[in-house]
Amino acid sequence: MFSEPASGHARFKNKADITALLGAFCFFLSTIEYMIPKPLPFMRLGIANLPILLAVGLLPFKWYLLLALVKVVGMSVISGSLFSYIAIFSLAGTLIAAVAMWIAHRLGGRLITSVGVSIAGAITSNLVQIIIARVIVFGDAATLIAPLFIGMGLITGTALGLFAEKFTLSSRWFAAAREASRE
Amino acid sequence: MRLAPLDWVAILASLALLVASSLFARTSREGELTVVVTGQETEWVYPLEEDREIAIPGPLGTTIVEIHDGHVHIASSPCPNQTCVAVAAINLPGQWVACLPNQVFVRIEGKTTDDSVDANVF
């Protein structure tokens, strides 16, 4: 009948395997994000960042950055903004937030959980986008956007972090992936 | 599951940032309310009380901003996602509507008193 693989070896051959699977999750979650109706049109749930949040304790930096790039491409293809200047917001926001999450995770060690890492990412991403909006598009007026974006980032970042923390603590799939990525 | 110390630091730092940015974004609520429209290079100011339609040129085409009964909304836009058209009309100082693709930003402000005294010297 059904037999569970004894360890991660059978499920994941290498880090590229894990990156590819998490990248596919980014595409899938970007689609879900795009389909969910929002009370405010500028609102983002940020659920497509969940694979990146999981990868922070899983992948080496090089593969981790590659995953972040895959997420940007996936999101831009799905929202139709790949070759417009809007993609700059997505690219800069995601990459800088990914680096911030990596640093928070590395420096924080046992003093931080996925919740803190997720909030660091959400707030950094939104701040970067506010700054770009200020510098290249709207000028001083962009400051008005800040409270809404920071407030939303805090709420969605906390929610996503709580989910990720529960997931990493209880998922056998995650445990197997972590095992495989050690090699 | 328990939150770790640095989680709380992240939450408190974000809250501090939220409060600071709210204070920074505060606009004057006094006097007559005006609609400030920022386009690619130009800024237009109109009274909120007079109904009118404003055509704002942007990189993609013309965005139509409508002022009606003390409310402002974007009536039409050449952008692909139409997010700006979907937003509810604004009517209070500090509220804003933006169209990122066509680079139009609309906000309501209290009138700034330019004729006030800057400094007194005795």
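Because the structure is a prediction, the values reported are computed rather than measured. Labels below follow one simple rule: chain letters A, B, ... track the order of the sequence lines, proteins then strands, and each chain is numbered from 1. Hydrogens, waters and symmetry mates play no part in the numbers below; they use all other heavy atoms, side chains included.
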**Request:** Name, in order of residue number, those residues of residues 49-70 of chain A that have a heavy atom at a distance of less than 4.5 Å from a heavy atom in chain B; otherwise write 'none'.
**Result:** none
**Prompt:** Same hydrophobic cluster for A:Tyr85 and A:Ile78, using side-chain heavy-atom links shorter than 4.5 Å among ILVMFWY?
**Reply:** no
**Message:** Please enumerate all residues that pass side-chain hydrogen bond (donor to acceptor under 3.5 Å, both in side chains) together with A:Ser90, with sequence neighbours excluded.
**Reply:** none
**Prompt:** Do the side chains of A:Ile132 and B:Val104 join up, straight or via other hydrophobic residues, at under 4.5 Å, putting them in one cluster?
**Reply:** yes
**Fill in**
Closest non-hydrogen contact found for B:Ala4 with A:Leu111 is CB-O, 3.0 Å
**Test item: B:Asn81 and A:Ile86 side chains (from C-beta on) under 4.5 Å apart, heavy atoms** = no
**Request:** Check whether B:Cys79 gets within reach of chain A through its side chain, its backbone, both or neither, counting any heavy atom under 4.5 Å.
**Result:** neither
**Request:** Name all residues meeting the side-chain hydrogen bond (donor to acceptor under 3.5 Å, both in side chains) criterion together with A:Asn126; count only those two or more places apart in sequence or in a different chain, and write none if there are none.
**Result:** none
**Request:** Step through the shown structure and confirm whether more than 12 heavy atoms of other residues, nucleotides or ligands are within 6.0 Å of CH2 on B:Trp8.
**Result:** no
**Request:** First locate atom OG1 of A:Thr158, then atom CD1 of B:Ile11, and finally report the distance between them rounded to the nearest 0.5 Å.
**Result:** 5.0 Å
**Message:** Counting only non-hydrogen atoms closer than 4.5 Å, does B:Ala13 touch chain A with its backbone (N, CA, C, O), its side chain (CB onward), both, or neither?
**Reply:** neither
**Request:** Might you confirm whether atom CZ of A:Phe28 has over 12 heavy atoms from other residues, nucleotides or ligands at distances under 6.0 Å?
**Result:** no
**Request:** Against chain A, work out which of B:Leu100, B:Leu17, B:Leu18 has the most heavy-atom pairs shorter than 4.5 Å and name it.
**Result:** B:Leu100
**Request:** Answer yes if A:Met75 and A:Ile88 sit in the same cluster of Ile, Leu, Val, Met, Phe, Trp and Tyr residues linked by side chain heavy atoms under 4.5 Å apart, and no otherwise.
**Result:** no
Table please: side-chain donor-acceptor pairs of residues 136-149 of chain A below 3.5 Å, with sequence neighbours left out.
from     : atom 1 : to       : atom 2 : distance (Å)
A:Asp140 : OD1    : A:Arg134 : NH2    : 2.7
A:Thr143 : OG1    : A:Arg134 : NH1    : 2.5
A:Thr143 : OG1    : A:Asp140 : O      : 2.8

**Message:** Surrounding CZ of B:Phe24 (heavy atoms of other residues, nucleotides or ligands, distance under 6.0 Å), is the total greater than 12?
**Reply:** no
**Item:** Region of A:Ser84 in contact with chain B, defined by heavy-atom distances below 4.5 Å
**Value:** neither
**Item:** Single-linkage hydrophobic cluster A:Phe163~A:Ile47, side-chain heavy atoms < 4.5 angstrom
**Value:** yes
**Asked** Same cluster or not: are A:Val73 and A:Leu29 linked, directly or through other Ile, Leu, Val, Met, Phe, Trp or Tyr residues, by side-chain heavy atoms under 4.5 angstrom apart?
**Response** no
**Request:** Let me know if B:Pro80 has heavy atoms under 4.5 Å from chain A in its side chain, its backbone, both or neither.
**Result:** neither
**Message:** Please find the pair of heavy atoms, one from A:Ile123 and one from B:Ser14, that lie closest to each other, and give the distance.
**Reply:** CG1-OG, 3.5 Å
**Asked** How close do A:Gly108 and B:Leu6 get, heavy atom to heavy atom, and via which atoms?
**Response** CA-CD1, 3.5 Å
**Asked** Side chain, backbone, both or neither: which part of B:Val9 has a heavy atom under 4.5 Å from chain A?
**Response** neither
